[in-house]
K.L.:
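Got a structure for you, questions after.
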Amino acid sequence: MKKFINKYENLIEEMVEGYVLANSDKVKRLPTERVLAYSNAPIQGKVGVITGGGSGHKPAFIGYIGKGLLDTVAVGDIFAAPPVQRCYEAIKAADGGKGVLVCIGNYSGDTMNFGMAAELAQDEGIPVEILVVNDDVASSPKDRMDNRRGVAGEVVLWKMMGALAQEGADLATLKEVGNRTIFNTRSLGVAHTPCIMPSSGKPSFQIGDDEMEIGVGHHGEPGIQRTKLMSADEVTTLITQKILEDLPFGAGDEVSVLMSGLGSTSLLEMYICYRKLHQILTDHQITIHRNYIGEFFTSMEMGGFSITLTKLDEDLKRLIDAPCDGVHLIQH
Amino acid sequence: MKKFINKYENLIEEMVEGYVLANSDKVKRLPTERVLAYSNAPIQGKVGVITGGGSGHKPAFIGYIGKGLLDTVAVGDIFAAPPVQRCYEAIKAADGGKGVLVCIGNYSGDTMNFGMAAELAQDEGIPVEILVVNDDVASSPKDRMDNRRGVAGEVVLWKMMGALAQEGADLATLKEVGNRTIFNTRSLGVAHTPCIMPSSGKPSFQIGDDEMEIGVGHHGEPGIQRTKLMSADEVTTLITQKILEDLPFGAGDEVSVLMSGLGSTSLLEMYICYRKLHQILTDHQITIHRNYIGEFFTSMEMGGFSITLTKLDEDLKRLIDAPCDGVHLIQH
Amino acid sequence: MADTISFNRVKESFASILNRLEENRQYLNDLDSPIGDSDHGESVTAAFKKVKEAVDAYPADQNDIGSLLQSIGKAIIFSGGAAMGPLYGTAFMDAGTAICGKSVLTREDLVALMVAFARGIERRGKVKIGEKTMFDTIYPTAEALQKAFDEGKPLSDMINAGIAAAKQGMESTKDMLSLRGRSSRLGERSIGHIDPGAASSYFIMEAFLKSLVEG
Amino acid sequence: MADTISFNRVKESFASILNRLEENRQYLNDLDSPIGDSDHGESVTAAFKKVKEAVDAYPADQNDIGSLLQSIGKAIIFSGGAAMGPLYGTAFMDAGTAICGKSVLTREDLVALMVAFARGIERRGKVKIGEKTMFDTIYPTAEALQKAFDEGKPLSDMINAGIAAAKQGMESTKDMLSLRGRSSRLGERSIGHIDPGAASSYFIMEAFLKSLVEG
Ligand SMILES: Nc1ncnc2c1ncn2[C@@H]1O[C@H](COP(=O)(O)OP(=O)(O)O)[C@@H](O)[C@H]1O
Ligand SMILES: Nc1ncnc2c1ncn2[C@@H]1O[C@H](COP(=O)(O)OP(=O)(O)O)[C@@H](O)[C@H]1O
Ligand SMILES: [Mg+2]
Ligand SMILES: [Mg+2]
Ligand SMILES: [Mg+2]
Ligand SMILES: [Mg+2]
């Protein structure tokens with residue numbers, strides 16, 4: 001296994017230590033040690049916007065801590081949802097008197113741990129709402145949408161909710177706009193190279209030297225279609241088509257695009273794919289209001305990328321355009 | 001070869017097209033087609049700050065176009081210096097009446113092509129100065145420092161010079177402060193996995209399954225020491241030690257840190273390494289004034305990373321802290 | 001062999017569970033690879049290390065099996081994480097509640113413990129039998145204990161029946177279509193693989209039940 | 001065989017050069033891998049494609065070998081890129097200047113052309129013999145032509161001598177310590193590898209010189 005790590009047992013602790021040392025202007029560590037918070041959190045009079053999840057997805061989740069983004073994050077082990085205590089502490093530390101919005105991906109580990117933590121916090125009088133992102137169109141048919149995984153679309157929700165909370169909106173408004181964001185957000189990814197699990201040194205999935213798989217989850221969960229490696233244009237066309245059909249997106253729509261590399265796929269390739277995506281959306285008379293191209297939600301060194309489209313209304317345009325000052329996402 | 005590209009012949013053209021489509025708010029394309037410019041360039045009364053080089057290093061070079069950073073960039077083929085015409089056009093398009101500062105890495109291709117282009121521009125009355133970055137301590141002994149390669153330290157020079165030009169400094173001042181920046185900047189990298197050349201599908205260098213190499217260049221040029229893969233702490237200690245000795249950096253110094261992943265090495269690993277780097281610098285009573293951790297100068301999907309330290313004086317602190325609004329580097 | 005189970009026997013079973021899980025750590029990761037995220041062995045061994053700590057920290061002057069199981073449950077819930085954390089944690093909590101105050105378990109108590117354990121999984125996971133989860137190991141185990149008890153079998157027979165049912169339950173997940181957790185996104189492609197949670201449950205059930213009767 | 005070289009012969013040599021480089025594209029990349037950045041074959045074939053375009057675009061009603069070489073030089077300089085661009089470009093420019101206005105080359109002209117070509121590399125690369133570059137192929141070629149000419153050898157002998165010297169020059173780089181370009185950072189580790197630029201120069205020299213005498 002070619003990774004620069006020390007003892008596996010200390011992996012998460014050392015990463016968190018390094019992260020806090022590097023970003024002490026924006027981030028602080030809470031007593032439970034695996035919960036990180038924006039230095040100014042809790043912000044009185046603002047709804048706390050938080051998340052949490054397994055590690056190995058950097059810059060997600062902790063890279064989105066900051067002004068106009070996330071207030072706290074509960075950090076799990078590699079690909080493992082954080083336990084209840086951390087989730088609970090993350091909720092408590094984000095509450096500035098107006099309650100807390102938990103924005104997580106649709107994984108039973110995350111929903112159960114945050115669900116139990118939310119109950120504890122609610123028992124103490126903190127209003128908590130949980131939004132569950134299910135943007136991965138590959139992970140269940142449309143009639144079982146509530147079973148779909150949350151993937152890079154989570155970043156879009158954090159951006160929107162961080163901005164809306166910053167505007168001073170209340171928890172009910174956040175929940176309403178958040179659900180609208182989730183409903184309007186669809187993603188699909190492709191991977192050709194697994195990540196290596198640092199615990200075992202083994203690849204997260206098996207795949208042939210000339211193969212790729214559409215719909216692989218960002219923990220290496222199997223996707224929907226295994227094929228020979230396609231060209232940039234072919235793969236972008238295939239992914240975009242499946243996303244467009246799913247909402248469906250149509251002529252006249254305005255969207256945001258988030259193209260996130262999974263780890264080892266280069267920005268060079270992503271821009272080649274973006275070129276095709278732009279052509280396809282233009283052909284469909286869909287306007288790209290804003291784009292994000294880079295690594296936003298990775299799977300360590302996995303090879304591949306995902307495309308996330310969000311259909312925007314006036315609210316969502318305002319929110320995606322709002323400035324933010326996160327550790328790994330800064331917007332003027 | 002597992003890359004999402006189309007025909008190799010169209011690789012650079014399609015990347016540039018995608019890039020300009022994605023970033024049309026900040027970037028425009030010049031008539032020579034492989035020269036990109038900040039949308040507002042040339043800025044009258046400001047010295048133009050420019051660069052250029054081979055492709056495959058994204059976000060370098062074109063990701064640093066923007067306010068407080070680069071005005072124009074000449075784009076070469078994969079790992080190949082851009083030809084004279086593009087360099088010439090990049091110089092001309094950046095001149096707002098106060099001349100142009102070319103900030104490039106120390107490679108004979110880049111220095112020759114930009115050198116010839118600068119002569120042509122100077123013949124037309126445009127004042128041009130060329131700064132050549134030679135930060136890679138692995139690439140020649142200290143007594144042959146002028147033979148060293150430029151690596152991720154180039155980013156530091158762009159940041160400093162972009163900020164200084166933005167302040168309104170003249171070309172002579174830029175040159176002076178630029179040379180100070182270069183002298184005070186030292187880098188060293190490590191790689192354990194080659195990138196794959198898109199022309200041939202072949203790895204850029206051969207290396208064993210359990211090996212790494214200290215000092216590999218970001219085009220896969222051989223380094224100085226091949227060893228068994230080290231732990232994060234070991235490799236960080238080794239690299240940092242070699243950098244610290246080289247200037248040398250000493251107690252009481254203030255530095256900026258730039259840790260740049262080469263492509264597939266995850267941010268998770270980089271923060272683990274940053275933790276050790278921070279400890280070592282603290283032990284040496286060296287203060288980290290600012291840090292950059294991420295992918296700043298890559299080599300497609302190469303595995304590994306580099307550390308760049310710059311010793312800062314008051315000028316350099318002000319410049320590194322100045323806001324900027326580049327495509328892939330935004331700072332408040 | 002006595003037909004009751006002492007506090008110490010229960011307490012010591014957790015060393016044996018941890019051992020069994022650690023032996024199978026990579027096997028459980030590997031089961032989690034084709035239909036999940038390759039980490040189940042890590043999560044479950046890490047959680048049962050925490051369990052071991054909770055057991056070791058249990059006050060030396062107390063011997064309430066119910067409160068021991070509750071503190072184990074709390075440890076898993078609070079610091080286990082992953083999907084298995086809330087599931088196993090709730091199961092132990094509920095099992096502890098079911099036998100609250102007992103320092104010795106009768107055959108009947110063991111049935112109550114296991115039934116509550118299974119109901120805990122069911123409650124937390126909102127899961128039914130046949131959905132390809134750990135519940136498919138655990139529920140049949142509880143049922144087998146119940147049946148053996150109802151038939152008046154001695155403790156050792158009950159335990160053998162429980163282990164056999166756990167094994168069969170685990171193996172039954174191989175042909176199931178997943179409807180819960182990560183693997184539920186695979187549809188038909190989930191068929192043909194043993195569920196990793198069903199396998200870890202088997203190791204836990206087996207090590208636990210065995211320790212109750214072995215020295 | 002004539003002891004002069006026609007404009008057309010020179011012109012047609014560039015198809016043959018391109019062909020020879022394309023055959024060896026990957027070989028040149030591979031030579032550039034252990035001591036450089038694995039791209040020399042790409043850069044040099046791309047540049048000589050541009051050369052071919054410049055040759056094809058040369059006005060049909062003109063036949064000045066000097067100006068043909070200059071337009072080739074300009075094409076490489078302006079759109080060749082990499083390290084080899086300014087080097088080969090300057091060499092062709094200087095070679096063109098040396099034989100400016102000639103539509104037929106004598107044996108003496110060929111020597112002047114090659115000497116100027118070599119001096120162009122030397123001037124642009126600030127390079128000396130023995131520094132492990134293309135100059136180690138090119139300079140000996142020019143020298144061999146000069147020597148054969150001085151000895152009064154016929155054109156075909158001159159050309160054979162030039163090709164032999166080019167080959168030997170290329171091979172001589174194998175044992176050299178690099179002092180120029182990318183490989184100069186390797187120190188001792190540059191020894192044992194043929195320089196990729198020295199190899200591309202050999203293919204260029206060989207194809208060029210051969211075409212001048214072959215049909
Ligand atoms: N809703 C549920 N009910 C019961 N068991 C579940 C449920 N969701 C997941 N599981 C069990 O959890 C196991 C996976 O655990 P683990 O690998 O720790 O979590 P994760 O899937 O988050 O990585 C599955 O194999 C399955 O047995
Ligand atoms: N200063 C120089 N003088 C002469 N030849 C040089 C010089 N620098 C580089 N070269 C030649 O250029 C070759 C490399 O060319 P190329 O691969 O195109 O450039 P790059 O090194 O920029 O990738 C080397 O093998 C060497 O022969
Ligand atoms: Mg997991
Ligand atoms: Mg090159
Ligand atoms: Mg799992
Ligand atoms: Mg080269």
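Labels below follow one simple rule: chain letters A, B, ... track the order of the sequence lines, proteins then strands, and each chain is numbered from 1. These numbers come from the heavy atoms of this one structure, side chains and all, not from hydrogens, waters or symmetry mates. The structure presented is a predicted model; accordingly, all values stated were derived computationally and were not measured.
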K.L.:
Using side-chain heavy atoms (C-beta onward) and a distance below 4.5 Å, is C/Ile99 in contact with C/Leu69?
P.N.:
yes
K.L.:
Contact part of A/Met112 toward chain C, heavy-atom cut-off under 4.5 Å: side chain, backbone, both or neither?
P.N.:
both
K.L.:
Does C/Asp39 come within less than 4.0 Å of C/Arg182, counting only side-chain N to carboxylate O?
P.N.:
no
K.L.:
Give, as side chain, backbone, both or neither, the part of A/Tyr88 having an atom under 4.5 angstrom from any heavy atom of chain C.
P.N.:
neither
K.L.:
Heavy-atom distances under 4.5 Å only: say whether A/Pro82 touches chain C with side chain, backbone, both or neither.
P.N.:
backbone
K.L.:
Does any backbone or side-chain atom of C/Ser190 lie under 4.5 Å from a heavy atom of chain A? Answer side chain, backbone, both or neither.
P.N.:
neither
K.L.:
Establish, from distance only, whether the side-chain atoms of A/Thr51 and A/Tyr64 form a donor-acceptor pair under 3.5 Å.
P.N.:
no
K.L.:
Pick whichever of C/Gly36, C/Gly125, C/Ala46 has the most heavy-atom pairs under 4.5 Å with chain A.
P.N.:
C/Gly36
K.L.:
Chain C heavy atoms under 4.5 Å from A/Asn106: which part of the residue, side chain, backbone, both or neither?
P.N.:
both
K.L.:
Can you tell which part of C/Arg124 gets under 4.5 Å to a heavy atom of chain A, answering side chain, backbone, both or neither?
P.N.:
both
K.L.:
What residue in A/Arg86, A/Met116, A/Arg34 has the most heavy-atom pairs under 4.5 Å with chain C?
P.N.:
A/Met116
K.L.:
Non-hydrogen atoms of chain A under 4.5 Å away: do they reach the side chain of C/Arg180, the backbone, both or neither?
P.N.:
neither
K.L.:
Considering only NZ, NE, NH1 and NH2 on the basic side and carboxylate oxygens on the acidic side, decide whether C/Asp136 and C/Lys132 come within less than 4.0 Å.
P.N.:
no
K.L.:
Is A/Arg148 in contact with chain C via its backbone, its side chain, both, or neither, using a 4.5 Å heavy-atom distance?
P.N.:
backbone
K.L.:
Salt bridge or not for C/Arg119 and C/Glu122, using N-O below 4.0 Å?
P.N.:
yes
K.L.:
Between C/Ser43, C/Ala47, C/Ser79, who has the most heavy-atom pairs with chain A when the cutoff is under 4.5 Å?
P.N.:
C/Ser79
K.L.:
Would you mind telling me which of A/Ser140, A/Gly223, A/Gly217 has the largest number of heavy-atom pairs within less than 4.5 Å of chain C?
P.N.:
A/Gly223
K.L.:
Between C/Asp30 and chain A, with a heavy-atom cut-off of 4.5 Å, which part of the residue counts as in contact: side chain, backbone, both or neither?
P.N.:
side chain
K.L.:
So how far is it from C/Met158 CE to C/Glu108 CD, rounded to the nearest 0.5 Å?
P.N.:
9.5 Å
K.L.:
Quick check: are there more than 12 heavy atoms from other residues, nucleotides or ligands sitting under 6.0 Å from CD of C/Gln168?
P.N.:
no
K.L.:
Spell out, as yes or no, whether a donor-acceptor pair under 3.5 Å connects the side chain of A/Glu221 to the backbone of A/His219.
P.N.:
yes
K.L.:
Looking at A/Ser199, A/Ala138, A/Gly54, A/Gly220, which one has more heavy-atom pairs under 4.5 Å with chain C than the rest?
P.N.:
A/Ser199
K.L.:
Apply the side chain to side chain donor-acceptor pair (under 3.5 Å) test between A/Arg149 and each candidate in A/Asp136, A/Asn134, A/Asp135; give the one that qualifies.
P.N.:
A/Asp136
K.L.:
So for C/Ile77, is it side chain, backbone, both, or neither that comes closer than 4.5 Å to the heavy atoms of chain A?
P.N.:
both
K.L.:
Is any side-chain N of the basic residue among A/Glu33 and A/Arg29 closer than 4.0 Å to the acidic one's carboxylate O?
P.N.:
yes
